[in-house]
Amino acid sequence: MRAMATRTVAYPADGLTMIGHLALPAGAGRRPAVLLGPEGMGLSDVERRRADALAELGHVALAFDLHGGRYLSDPEEMLARCLPLLADPDRMRHIGHAALDVVRAEPRTDPDRIAAIGYGTGGAIALELGRAGVDLRAIGTVNATTTGRPGEAARIRCPVWAGVGSEDPIMPPAQREAFAAEMQAAGVDWRLAVYGGALHGFHHPTVDHPVVPGVGYHPQQARRAWRDVVALLADCLPVTEDPGT
């Protein structure tokens, strides 16, 4: 039986050469696939490990890149790139579609069963793929209760789950309410989980970065949010085949 395997994939997007992390499950047959988008700093070992964990559960998983292989640990540099990106839905969709093309081209992927999971900026990209009408089985976001252009949420064809920290100053109650109103008005099957006592980035283990107010790791709520992501995939994107095939 083929063991779980990983490889680095390079692909063009946003005028850059993106460097993604592809994790393939054991076996040889087609499997449902998951796009996994990182926080605004970019792709790190945190997302690579999560992609590996999804492959262990039987999914093809692509942790996609935002910054051409760079990890932007300086908050000012990160904001200088991400704020214009978050204000431009078409750019976000371009980055998401480029990653989607990579995972669809993988022979192990079942192209009719793909979900998008994302954190922060990566979560906003997952939502924009839904608003663009991409046929996804589920969208899951953490720290990304972003709203889109008026009326476009009606194109979302799958359940949407969003998680946010109760003390997140970047996604405050007014932003959550706007997101919920958008989803409800569009008739989306949506859920919003608020994790008590958690700040922005609560899911991301502490790293050697400058301290940013309002951002912090919450181990207990991080574990709960990951379990909720896995439950969303189990519900909407089950691995029904024998992983040994």
(request) Measure from NZ or CZ of Arg50 to the centre of the six-membered ring of Tyr119, then state whether that distance is under 6.0 Å and the direction lies within 45° of the axis. (result)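 So Arg50 does make the cation-pi contact.
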Mark yes or no for whether [X], through its side chain, and [Y], through its backbone, hold a donor-acceptor pair below 3.5 Å.
{"X": "Arg137", "Y": "Asp112", "answer": "yes"}
{"X": "Glu167", "Y": "Gly196", "answer": "no"}
{"X": "Arg176", "Y": "Ser166", "answer": "yes"}
{"X": "Arg7", "Y": "Ala23", "answer": "no"}
{"X": "Asp168", "Y": "Pro172", "answer": "no"}
{"X": "Glu47", "Y": "Ser44", "answer": "yes"}
{"X": "Arg131", "Y": "Arg155", "answer": "no"}

Return the [atom1] to [atom2] distance between [X] and [Y], rounded to the nearest 0.5 Å.
{"X": "Leu129", "Y": "His97", "atom1": "CG", "atom2": "NE2", "result": "5.5 Å"}
{"X": "Leu83", "Y": "Asp88", "atom1": "CG", "atom2": "CG", "result": "12.5 Å"}
{"X": "Glu152", "Y": "Leu127", "atom1": "CD", "atom2": "CG", "result": "12.5 Å"}
{"X": "Tyr71", "Y": "Asp45", "atom1": "OH", "atom2": "CG", "result": "9.5 Å"}
{"X": "His94", "Y": "Leu85", "atom1": "NE2", "atom2": "CG", "result": "10.5 Å"}
{"X": "Asp235", "Y": "Trp161", "atom1": "CG", "atom2": "CH2", "result": "13.0 Å"}

Taking a hydrophobic cluster as the set of Ile, Leu, Val, Met, Phe, Trp and Tyr residues connected by side-chain heavy atoms closer than 4.5 Å, whether directly or through intermediates, do [X] and [Y] fall within one such cluster?
{"X": "Leu136", "Y": "Leu232", "result": "no"}
{"X": "Val239", "Y": "Leu54", "result": "no"}
{"X": "Ile125", "Y": "Phe179", "result": "yes"}
{"X": "Leu237", "Y": "Val229", "result": "yes"}
{"X": "Leu57", "Y": "Leu35", "result": "no"}

(request) Go through the steps to decide whether Tyr195 and Phe202 satisfy the test ring-ring contact (aromatic ring centres under 6.0 Å, His included), and finish with yes or no. (result) CA-CA 9 Å; Tyr195 295 92; Phe202 72 90; 5.3 Å; yes
Can you check whether [X] reaches [Y] side chain to side chain, under 4.5 Å on heavy atoms?
{"X": "Arg91", "Y": "Pro84", "result": "yes"}
{"X": "Arg31", "Y": "Thr109", "result": "no"}
{"X": "Pro25", "Y": "Arg108", "result": "yes"}
{"X": "Met41", "Y": "Arg70", "result": "no"}
{"X": "Asp189", "Y": "Val160", "result": "no"}
{"X": "His67", "Y": "Cys82", "result": "yes"}
{"X": "Leu66", "Y": "Leu43", "result": "no"}
{"X": "Val60", "Y": "Leu22", "result": "yes"}

(request) Let me see the working for Glu106 and Arg30 under salt bridge (charged side-chain N to carboxylate O under 4.0 Å, His left out), right down to the final yes or no. (result) CA-CA 9 Å; Glu106 166 54 47; Arg30 286 187 168 187; over 6 Å; no
(request) Check the pair Val34, Ile114 against side-chain contact (heavy atoms from CB on, under 4.5 Å), reporting the backbone distance first and the verdict last. (result) CA-CA 6 Å; Val34 182; Ile114 300 174; over 6 Å; no
(request) Show your working on side-chain contact (heavy atoms from CB on, under 4.5 Å) between His21 and Asp52 and close with a plain yes or no. (result) CA-CA 9 Å; His21 176 82; Asp52 293 351; 2.8 Å; yes
(message) Would you say His203 and Gln221 are linked by a side-chain donor-acceptor pair, where the criterion is simply a distance under 3.5 Å?
(response) no
(message) Between Val142 and Asp228, does the side-chain contact (heavy atoms from CB on, under 4.5 Å) criterion hold? Intermediate values first, please.
(response) CA-CA 10 Å; Val142 180; Asp228 287 342; over 6 Å; no
Cationic N near anionic O, under 4.0 Å, [X] to [Y]:
{"X": "Asp90", "Y": "Arg149", "value": "yes"}
{"X": "Arg81", "Y": "Asp14", "value": "yes"}
{"X": "Glu56", "Y": "Arg49", "value": "no"}

(message) Walk me through whether Val164 and Leu192 qualify under side-chain contact (heavy atoms from CB on, under 4.5 Å).
(response) CA-CA 8 Å; Val164 66; Leu192 176 62; 4.1 Å; yes
(request) Looking only at non-hydrogen atoms, find the nearest pair between Gly214 and Pro169 and report the distance. (result) O-CD, 3.5 Å
(request) Search all heavy atoms of Pro159 against all heavy atoms of Cys236 and return the closest pair with its distance. (result)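 In this case the closest contact between Pro159 and Cys236 is CG-SG, 3.8 Å.
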